[in-house]
Structures are given as C-alpha cells and as structure tokens.
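Notes follow the structure.
Computation of the quantities below employed the complete heavy-atom set of this structure, encompassing side-chain atoms and omitting hydrogens, waters and symmetry-equivalent molecules.
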Number of protein chains: 2
Amino acid sequence: MTRRAYSRLSQDRRRTDLLEATLSCVADLGLDRAGARQIAERAGVSAGLIRHYFPSKDEMVRAAYAYLMGQMTAAAEDSGAGDEQSPEAALAEVIAANFASPSLSGVKVSLWATFVGRVRVDPAYADIHREGYREFLDLLEARIHPVLVAQGGPADPSRCKQLAIALNGLIDGLWIEGSLGHGLYDARRLPAIALGAAEGILRLPDTTLTRHLALEDERS
Amino acid sequence: MTRRAYSRLSQDRRRTDLLEATLSCVADLGLDRAGARQIAERAGVSAGLIRHYFPSKDEMVRAAYAYLMGQMTAAAEDSGAGDEQSPEAALAEVIAANFASPSLSGVKVSLWATFVGRVRVDPAYADIHREGYREFLDLLEARIHPVLVAQGGPADPSRCKQLAIALNGLIDGLWIEGSLGHGLYDARRLPAIALGAAEGILRLPDTTLTRHLALEDERS
DNA sequence: ATATTTGTTTTACAGTCGTACAACAGCGAA
DNA sequence: TTCGCTGTTGTACGACTGTAAAACAAATAT
C-alpha cells in the first residue's frame, strides 16, 4: 500500500483552503451532504486532517461562515471609499456594488441563506450574523448622513439609523432575489431599481443617486 | 415484544402531520440533523411510514417547502382583502402584515432561509421559490396600481412592476432581519419603518400609508 | 548525515442514515 | 362475527457519518 504524496503548507494557507472547500461544498451540495470526506477531497487533503485544524467539523463550518461574512463586509467597506467623490456618488456606489459581480452571485446567496437558516439554532451563527448586519448598518448610516446634510434634509442620528435600516432591507431583499436568478426580470435592471427606490426612501430629488449609474457601467 | 397502539388517520391528515413535523424538525435542528426517525417521532408515527406517503425523504422535504410557501402566500393574499377599504389602507395592510405575528417569526425565517439555500442546488426548490415570489410580486403590483391612480401619479404597468420589485425587496429584507431578532433595534418599529420607506419608494406624500398604522394596532 | 518535530495519511470503529420488506392490526364490508 | 384490505409497525441491512489514534514522511534543525 503506497501512501499518497503530499506537501506541507503554511497553517494559514491550509486553513483557508479548508474553509473555501467547505463553502464550495455547502454551496454545491447543501449543508447535509457536505461531508468531511467531500470537503477534504476538494481541499486536496485527506479527511483526518480536518481535526488537526479544527476541533470538529461543525466548528469548521462555523469558521467558514465567519470567513464568508468577513469577505463580504470587507468588500462592502471597500466600495465607495474613494475620498474625492461627492457624498451622493459614494452612497450610490455602496448601494450599486451589491448588484454587480462579485456580490451578485448565486453561490454567495446560497451560502448566506443556508447559514442564516442556522441563526436561530446555533448562537455562534447568530453572533456572526449580528456582527455582519451591524457593520453594514453602520456603513450605510455613515454614508447616508453626509448626503442628507448636503441636500438640506433633516439628518439627526435617529432618522439616519431608521433610514439605514430601511435601506439595508431594500438592498438585502433585492440582492437575494436578484442573485437567485429566477428569470422573472433582467437582473441588470437592479442597480437602477435600487437607486431609484433609495432616492425615494431618503426623500432625495430624482436622479440624485441614479445619475451616478452611467459612470459605474463605464468603469466595469 | 408488544407493538405500539396506533390509529388510522385520513390520508390528508397524516400527510400534513408529516409535513409539519418535517418543518418543525428542520427549523429546530437544521436540514442535516432532521432525520427520518426524528421527523417520524414528532409526527407520532414510526419511521417506515414516511415511505408510504412519499417516494423518499428528500421528496417529503420538498413537499414540506411547497406546503410552507403555500401557507405563506395564502396568508399574504388574505391580508388587505377587505373591499371597503381605501386603496391606501389595503396596501398598508399588506405591507404591515409581514411585520406582525404570525408572519414575523423566527421559525418561518429559519425555514425560508434554509430552503432558499437549496434553490441553486435543486430545480424543484427553484420552481417553488419562483412561484411564491411571482405571486407576491403580482399581489403587490395589484395593490400598488390603484394607489398610484388615486394619488394622481404615473401608473403605467412598467412603473408598477418596477415599484413592486423594489417594495418586495424592502419587505423581504426587513422581514428577514426583523424575524431573526438580533436585538439591534426594537422589532415593533418595523411596520412604521416599512410604511415610511414605502411612501418614499412610491413617491407618495408622507402619512399616506403610515396613518393607517394606528388602526392596525387597535385591531390586534 | 542524522535526529527531531509535526503536518499528513491511513485505518478502524461506533453510530446514524435512508430505506426495503415482512409481520401485524385497525377498520369497514359482508 | 369473520373476512379482506391496507395503513402502520418493527427490524434488518448496507452505505455512510464524524472522529480517534497509530503509522508515516516532509521539512527543519543539529
């Protein structure tokens, strides 16, 4: 019986390989069929190694959720961070980024939904979810405030937070349905729909946000 | 070995008992731990009986998803169906119904998310999801149109559909985060937040929808 | 070159999974 | 009451699960 050849990788590399293999399996097969052997195979590794990096398979899946959310919130925080833009352009970019690749992705939404299904069951999932949600809420609030000030509307913190909650809901909902690709409408309409609705929610004049759409298209 | 006593139930009753036990298990344990034996026990039945009502356990889970979505869309279609109301009140009721019991429910959101996670994997789930989404979209569109007409805004079908998509996104997103109960804000604020945002999306004057809030509270 | 460390593979095991199927029993018909 | 039908139970089985632990080998230090 000849043993399989292997090479030793850095701890971080092996760990993220395992986490990404976990996400890939969960997205393609579902949580129930994402077995330890399947995941190990996708990571190019044998099943026993999992327990060398994680106390249990469940713990690895939890870590994979945290890893995914970390990626997603980092991507969100990067969008609209160009300092030279107007507040309106920055907000429009944050919103529109959710409806373009790589955010608008069937894989991402599948993973997100699968894990959200565990939030009620497992407190660790609830913590990860709450943290990600809170961060995005804060980001939106920070982007909304200067826009309201520039446009001369009421901009007290309580109103900003309320608008952030509503805007986050809008983005989440449109992102989910858009990413699932049900074919009921063209997903390319989503940025315009989202920005138009956001103008309404924030009581901004029409085209305040949507006029930044053309730029987005040219850049990609 | 004495056999367990049992009584024969009607086919429909037994079937829905199994479906509800399936949903209960999936909500409490997650898809992977919702085994045939667990489900059967909750239905007050032995595991072998499952295959007498469904060709396989997977098929039963699919049927449970269809059953859940059927309940939810039926509940949505019942809300705001009183003929004597103004169009504005009817729309407000449809929106607000999502943020009160029994719609606003951690169990429901957990199930919804868990199943949505399978949409990309299994075409049967995709069909069920698309159908439910389409129905709610149509319902919203039908409720939006008379409001726009009454308020004198543009009400062409294309605009109505676009607004329905945005409104559905808003409702979905707020419903999810609200039902998960992360404790970042009081979920009782959601009806007001949703109606206020809807007024903005539809470009209606303030309080067009929110003024129907007090009535809702008194009734319940 | 040799020894040491430890990341990795392999094997083994107890438990659980979905399911096939034979035996049983509740219930209506005769 | 007895029969026949079939909804329901109980059991057995092979496949698969996560995991423990021993055997091994790749990289590093000496």
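- A47(A) is linked by a side chain to side chain contact (heavy atoms under 4.5 Å, CB included) to R37(A), A40(A), counting only residues two or more places apart in sequence or in another chain.
- Under the side chain to side chain contact (heavy atoms under 4.5 Å, CB included) criterion, I128(B) pairs with Y65(B), A66(B), M69(B), not counting sequence neighbours.
- Residue Y53(A) has no polar side-chain atom (N or O) positioned under 4.0 Å from OP1 or OP2 of dG7(C).
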Check: When every nucleotide of nucleotides 13-18 of chain D is labelled 5' to 3' by its protein contacts under 4.0 Å (heavy atoms), B for base, S for sugar-phosphate only, - for none, what sequence of letters results?
Finding: ----BB
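- Note on residues 30-63 of chain B: no pairs pass ring-ring contact (aromatic ring centres under 6.0 Å, His included), not counting sequence neighbours.
- Spacing between atom NE2 of H52(B) and atom P of dC5(D) amounts to 15 Å, rounded to whole angstrom units.
- Listed by first and then second residue, the side-chain hydrogen bond (donor to acceptor under 3.5 Å, both in side chains) pairs involving residues 95-114 of chain B are R120(A)-S110(B) (not counting sequence neighbours).
- To the nearest angstrom, C1' of dG7(C) lies 15 Å from CZ of F54(A).
- Between D28(A) and R42(A) there is a salt bridge, since at least one side-chain N of the basic residue sits less than 4.0 Å from a carboxylate O of the acidic one.
- Applying the side chain to side chain contact (heavy atoms under 4.5 Å, CB included) criterion to D78(B), with sequence neighbours excluded, gives no partner residue.
- For R33(A), the side chain to side chain contact (heavy atoms under 4.5 Å, CB included) partners at least two apart in sequence or on another chain are L29(A), D58(B), R118(B).
- Computed from coordinates, the L29(B) CG to dT16(C) C1' distance equals 14 Å when rounded to whole Å.
- Of the two residues contacting DNA chain C, namely A47(B) and G44(A), the nearest-nucleotide position lying further toward the 5' end is that of G44(A).
- Between T73(A) and F136(A), every side-chain heavy-atom pair lies at or beyond the 4.5 Å cut-off.
- Note: CD1 (I50(A)) to P (dT8(C)) measures 13 Å, nearest angstrom.
- Looking at residues 9-24 of chain A, you'll see L9(A), R14(A) sit with a heavy atom under 4.0 Å from some atom of DNA chain C.
- H129(B) meets the ring pair (Phe, Tyr, Trp, His ring centres under 6.0 Å) test with no other residue; sequence neighbours excluded.
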Check: What one-letter contact string describes nucleotides 23-30 of chain C from 5' to 3', where B marks a base within less than 4.0 Å of any protein heavy atom, S marks contact via sugar-phosphate atoms alone, and - marks no contact?
Finding: BBBBS---
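- Residue pairs satisfying the salt bridge (charged side-chain N to carboxylate O under 4.0 Å, His left out) criterion with at least one member in residues 181-199 of chain B, sequence neighbours excluded, are listed as follows: R203(A)-E199(B), D186(B)-R188(B).
- The stretch residues 14-26 of chain A participates, sequence neighbours left out, in these salt bridge (charged side-chain N to carboxylate O under 4.0 Å, His left out) pairs: R13(A)-D17(A).
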